[in-house]
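Naming convention: chains lettered A, B, ... in sequence-line order (proteins, then strands); numbering from 1 in each chain. Atoms considered below: every heavy atom in the structure, side chains included; atoms not considered: hydrogens, waters and symmetry mates.
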Protein chains: 2
Amino acid sequence: MPDSSFKPTPKQQFAQFKVGVDNVIFSVDTAFNRLLVLLVMRQGEAYLNQWSLPGTLVRQSESLEQAAYRILSENIRVQNLYLEQLYTFDRLEQAPMEAEEDSAHYLSVSYFALVRFDEAELIANGVSGIAWYPIQYVPKLAFDRDRILQYGYRRLRNKLEYSPVAFDVLPERFTLNDLYQLYATVLGENFSDYSNFRAKVLKLGFLSDTGVKASRGAGRPASLYRFDAEAFDLLKDKPMVFI
Amino acid sequence: MPDSSFKPTPKQQFAQFKVGVDNVIFSVDTAFNRLLVLLVMRQGEAYLNQWSLPGTLVRQSESLEQAAYRILSENIRVQNLYLEQLYTFDRLEQAPMEAEEDSAHYLSVSYFALVRFDEAELIANGVSGIAWYPIQYVPKLAFDRDRILQYGYRRLRNKLEYSPVAFDVLPERFTLNDLYQLYATVLGENFSDYSNFRAKVLKLGFLSDTGVKASRGAGRPASLYRFDAEAFDLLKDKPMVFI
DNA sequence: TCAAAAGTGTTCATACTACACCCATGT
DNA sequence: ACATGGGTGTAGTATGAACACTTTTGA
């Protein structure tokens, strides 16, 4: 029995996909206690002039992660960041991007990023808009991007509680209050009180006091701490909660 | 300025992808305290006769999730299951499945499933092999499927600790020991002691005693419990740990 | 010397761990 | 009656939440 009896039209029945990558890029403006997400204004025909997440179609010879990094570098200049894949949405129903006319299927692989706010410079390309939106004030987004954003927001909160992503976006040396503000801004003011947060995070044992003090206006100078990656690695397999 | 100046070869520079879905299908054989994963033997040219995860290419007019369910239904007959998306791997480097000859990119969207063991019937299609493998005895798999399996295994353990997936694969009425065996088999014997597990899970308040007793040979008959979805929904937003 | 910010400690309640022990059934 | 598995209770420790208090600086 020939193989073809199994696959009547072997090359036709499988869909060709165009694959998009969409990034949920967060940043924390600790000075104003705001959690920000990066939005861009759409130039394409569909949803013209609506805010959306920065995204792109994946190119030839480009990996998904490379595409995600490309989106970042095309919209923002930043040195320190955390990036991970979020979820893959299919959008059979939608006709997005630059290729509405053909009938290919689209997949949107979303990535979630957290970047250091102080050093982040937005790149305005002169055509579209780009802006940091406080999470509370995000408008209705194009396509199903609201879903992706919500998904990313949940992931951000979980990541913060269970893994040391905060240290990827804090400066090399930071005060415990810097760390606290970051957590408080993302998780909400009622997640823990400062004293208890201090005690808990110090007990974990991977923050080392550099001895250097940071004086910021009035008040007692704060110790600058450093994230000790080696000490953390020893504990990383244990179930750990930060907050 | 025409739009084309922005996209020199608008339809050429973006990759066309073939998209595969691969499932990590777990089941718990509580009678023998084994965590099982479903493997199939490859028929394709690449990695011929090596064990791999059940997978397929996504068809026209089929969603990712539909493809994942199709894989399930082609390999196993089962009524009760839990399914969720796991991760999307790109495999630029690989030439898998039925289309090695063309140069399209491949994406593998993996799904993770947990099925009820007692009712699961494997479907042998007469050509390839199919088998439940205890997680400890899984051989080297084709492609990068070991990575996917490891990823799925981690997700399974996390899901069990933080969400009520167990009740999707337990019978309608079950004893607390059934529940305990399920957890112990997946998480390892040292995760909690039976008395404490009982106390903890009952205190959560979403298991209701049906009053019916189950007598299984010697020993005191056990109460049959039922998962109360309504009671659970009231608590679902709170951070909750099961173990 | 006072306000502001950093940092420490104490109390009370709750939760976790490791058991010991009692209960109901089949043989 | 006793082995077998189901089920309850408790003592000691650890953890968490709330908040009072001390320390060190700038003005």
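Residue B:Phe191 contributes atom CZ, which lies 15 Å from atom C1' of C:dA18 at whole-angstrom precision. Put simply, CG on A:Leu176 is 17 Å from P on D:dT24, counting in whole angstrom units. Here the P atom of nucleotide C:dT17 and the CZ atom of B:Phe197 are 13 Å apart, to the nearest Å. Following rounding to the nearest Å, A:Leu179 (CG) and C:dG7 (C1') show an atom-to-atom distance of 15 Å. Between B:Arg216 atom CZ and D:dA3 atom P there is a gap of 24 Å when expressed in whole angstrom units. Atom-to-atom, OH of B:Tyr194 to P of D:dG6 comes out at 5 Å; the value is rounded to the nearest Å. Between the CD atom of A:Glu161 and the P atom of D:dG16 there is a distance of 12 Å, rounded to whole Å. Distance NZ (A:Lys203) to P (C:dG9): 14 Å, rounded to an integer number of Å.
A donor atom on one side chain and an acceptor atom on the other are not found under 3.5 Å apart for A:Ser192 and A:Lys200. Checking A:Asp22 against A:Ser108 by side-chain atom types alone, a donor-acceptor pair falls below 3.5 Å. Side-chain polar atoms of A:Tyr183 and A:Gln181 form no donor-acceptor pair below 3.5 angstrom. Looking at B:Ser52 and B:Arg42, their side chains never bring a donor and an acceptor atom within 3.5 Å of each other.
Relative to the six-membered ring of A:Tyr151, A:Arg155 misses at least one condition, a distance below 6.0 Å or an angle of at most 45° to the axis.
Within the 4.0 Å cut-off from OP1 or OP2 of C:dA15, not a single side-chain nitrogen or oxygen of B:Lys200 is found. The phosphate of D:dT8 has OP1 or OP2 within less than 4.0 Å of a side-chain N or O from B:Arg198. B:Thr175 has no side-chain polar atom (N or O) that falls below the 4.0 Å cut-off from OP1 or OP2 of D:dG6.
No salt bridge links B:Arg173 with B:Asp209; every basic N to acidic carboxylate O contact stays at or beyond 4.0 Å.
Judged by distance alone, with hydrogens and angles left aside, the side-chain atoms of B:Asp228 form a donor-acceptor pair with the main-chain N or O of B:Glu230 at under 3.5 Å.
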Protein proximity profile, nucleotides 19-27 of chain C - base contact B, sugar-phosphate-only contact S, no contact -, cut-off 4.0 Å on heavy atoms: BB--BBBS-
